[in-house]
Amino acid sequence: DVVRAAKLCDYSCVKGCMVIEPNGYAIWEKMKEILDKKFKELGHVNVQMPLLIPESMLEKEGELVNGFAPEVAWVTMGGSKQLDERLAIRPTSETMFSDYYSAHVKRPTSETLFSDYYSSVLKSYKDLPMKYNQWCSVLRWEKETRPFLRSREFLWQEGHTIHSSEEEAKKEANQMIEVYNWFHNEILAIPSIM
């Protein structure tokens with residue numbers, strides 16, 4: 001009742017999906033503005049990954065696909081033509097980031113040089129760290145939905161980074177936990193436990 005009275009969102013003709021109204025979207029924009037500024041101060045840059053993920057690529061993720069399998073929505077037709085391979089509508093982007101970071105990787109052999117088996121994105125260890133962030137929406141075919149708590153399509157932020165060492169990666173993860181904790185406590189006034 002409060003959400004509807006404040007005109008934050010309304011139900012749409014698509015079951016489980018909501019229309020985020022101007023008041024609700026203004027809150028999202030402000031949250032995004034604050035976090036985006038903080039991310040950029042820490043060296044992150046924004047990218048946009050494709051909405052559609054080939055089934056064969058999603059299946060490579062093993063546990064990830066098993067966790068999302070009941071919630072994945074599939075595209076099977078393009079126009080009036082049956083697709084050769086089903087395409088998942090993005091439930092999350094780990095698969096796409098992994099593919100992007102490792103695109104065109106040559107497998108090392110005894111005759112290849114270090115530089116021969118890096119991706120077209122990552123040319124050298126000197127390119128590290130790579131700190132990418134994405135603002136997008138994702139779709140998960142939830143059985144039970146509630147506006148802003150659990151809907152099928154929702155606005156989303158996700159960061160994916162690669163580093164030269166496990167120590168550097170852990171430092172980054174801990175730093176981002178601190179950022180989210182700061183945001184929850186200081187900006188949203190929501191207590192959080194780390």
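Note that the numbering runs from 1 along the sequence shown for the chain. Just so we're clear, the structure is a prediction, and the values are computed from it rather than from any experiment.
Glu71 has its side chain within reach of Glu142: a pair of non-hydrogen atoms, C-beta onward, lies under 4.5 Å apart. The shortest side-chain heavy-atom distance between Thr145 and Arg152 falls under the 4.5 Å cut-off. Within the 4.5 Å cutoff, no side-chain heavy atoms of Met18 are placed close to those of Arg146.
By the criterion of side-chain heavy atoms lying less than 4.5 angstrom apart, applied directly or through intervening Ile, Leu, Val, Met, Phe, Trp or Tyr residues, Tyr180 is not grouped with Tyr132; the two fall into different hydrophobic clusters. The cluster map of Ile, Leu, Val, Met, Phe, Trp and Tyr, joined by side-chain heavy atoms under 4.5 Å apart, puts Tyr25 and Ile187 in the same cluster. Hydrophobic clustering keeps Val138 apart from Ile20 (ILVMFWY residues linked when any side-chain heavy atoms are closer than 4.5 Å, directly or through intermediates). At a threshold of 4.5 Å between side-chain heavy atoms, the hydrophobic network of Ile, Leu, Val, Met, Phe, Trp and Tyr places Leu155 and Val19 in two separate groups. Taking hydrophobic clusters as Ile, Leu, Val, Met, Phe, Trp and Tyr residues chained together by side-chain heavy-atom distances below 4.5 Å, Tyr100 does not share a cluster with Leu51.
Put simply, CG on Leu87 and CG on Leu58 are 10.5 Å apart, with the number rounded to the nearest 0.5 Å. Atom CE of Met49 and atom CG of Asp99 lie 9.0 Å apart (nearest 0.5 Å). With rounding to the nearest 0.5 angstrom, the OG1 atom of Thr92 is 7.5 Å from the CD1 atom of Ile53. Atoms NZ and CG, on Lys37 and Leu35 in that order, are 12.0 Å from each other to the nearest 0.5 Å. Put simply, CE on Met176 and CG on Leu42 are 6.0 Å apart, with the number rounded to the nearest 0.5 Å.
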Name each donor-acceptor pair under 3.5 Å that joins a side chain in residues 1-12 to protein atoms two or more places apart or in another chain, with its distance.
unit_1, atom_1, unit_2, atom_2, d
Arg4, NH2, Asp10, OD1, 3.1
Ser12, OG, Val14, N, 3.1
Ser12, OG, Val14, O, 3.1
Ser12, OG, Cys17, O, 2.9

Side chain to side chain contact (heavy atoms under 4.5 Å, CB included) assessment of Arg140 paired with Val72: CA-CA 6 Å; Arg140 297 180 185 168; Val72 174; over 6 Å; no
Audit row: Arg90, Leu52, side chain to side chain contact (heavy atoms under 4.5 Å, CB included) steps and yes/no: CA-CA 6 Å; Arg90 171 180 49 221; Leu52 301 173; over 6 Å; no
- request: Test side chain to side chain contact (heavy atoms under 4.5 Å, CB included) on Lys131 and Val45 and set out the steps.
  value: CA-CA 6 Å; Lys131 298 179 179 184; Val45 293; over 6 Å; no
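Side-chain contact of Glu167 with Ser165: a donor-acceptor pair under 3.5 Å is absent, judged by distance alone. A donor and an acceptor atom, one from each side chain of Asn133 and Glu158, are nowhere located under 3.5 Å apart. A donor and an acceptor atom, one from each side chain of Ser137 and Glu153, are located under 3.5 Å apart.
Closest heavy-atom contact between Ala73 and Leu139: CB-CD2, 3.5 Å.
The ring of Trp141 has its center no closer than 6.0 angstrom to the ring center of Trp74.
Among residues at least two apart or in separate chains, ring-ring contact (aromatic ring centres under 6.0 Å, His included) pairs with a member in residues 152-177 are Phe97-His160, Phe154-Trp156. Counting only residues at least two apart or in different chains, side-chain hydrogen bond (donor to acceptor under 3.5 Å, both in side chains) contacts with residues 183-194 comprise Asn181-Asn185, Asn181-Ser192, Asn185-Ser192. Screening residues 72-86 for salt bridge (Lys or Arg N to Asp or Glu O under 4.0 Å), with sequence neighbours left out, gives Glu55-Arg86.
Applying the ring pair (Phe, Tyr, Trp, His ring centres under 6.0 Å) criterion to Trp182, with sequence neighbours excluded, gives no partner residue. Partners of Lys30 under the salt bridge (Lys or Arg N to Asp or Glu O under 4.0 Å) rule, at least two apart in sequence or in another chain, are Glu33.
With hydrogens and angles ignored, the 3.5 Å screen pairs a side-chain donor or acceptor of Ser98 with a backbone N or O of Glu94.
In this structure, Trp135 and Trp28 have perpendicular ring planes: the angle between them is above 60°, well past the 30° mark.
Surrounding CD of Gln48 are more than 12 heavy atoms belonging to other residues, nucleotides or ligands, all under 6.0 Å away.
Evaluated for a salt bridge (charged side-chain N to carboxylate O under 4.0 Å, His left out) with Lys170, the options Glu172, Glu166, Glu168 yield exactly one hit, Glu166.
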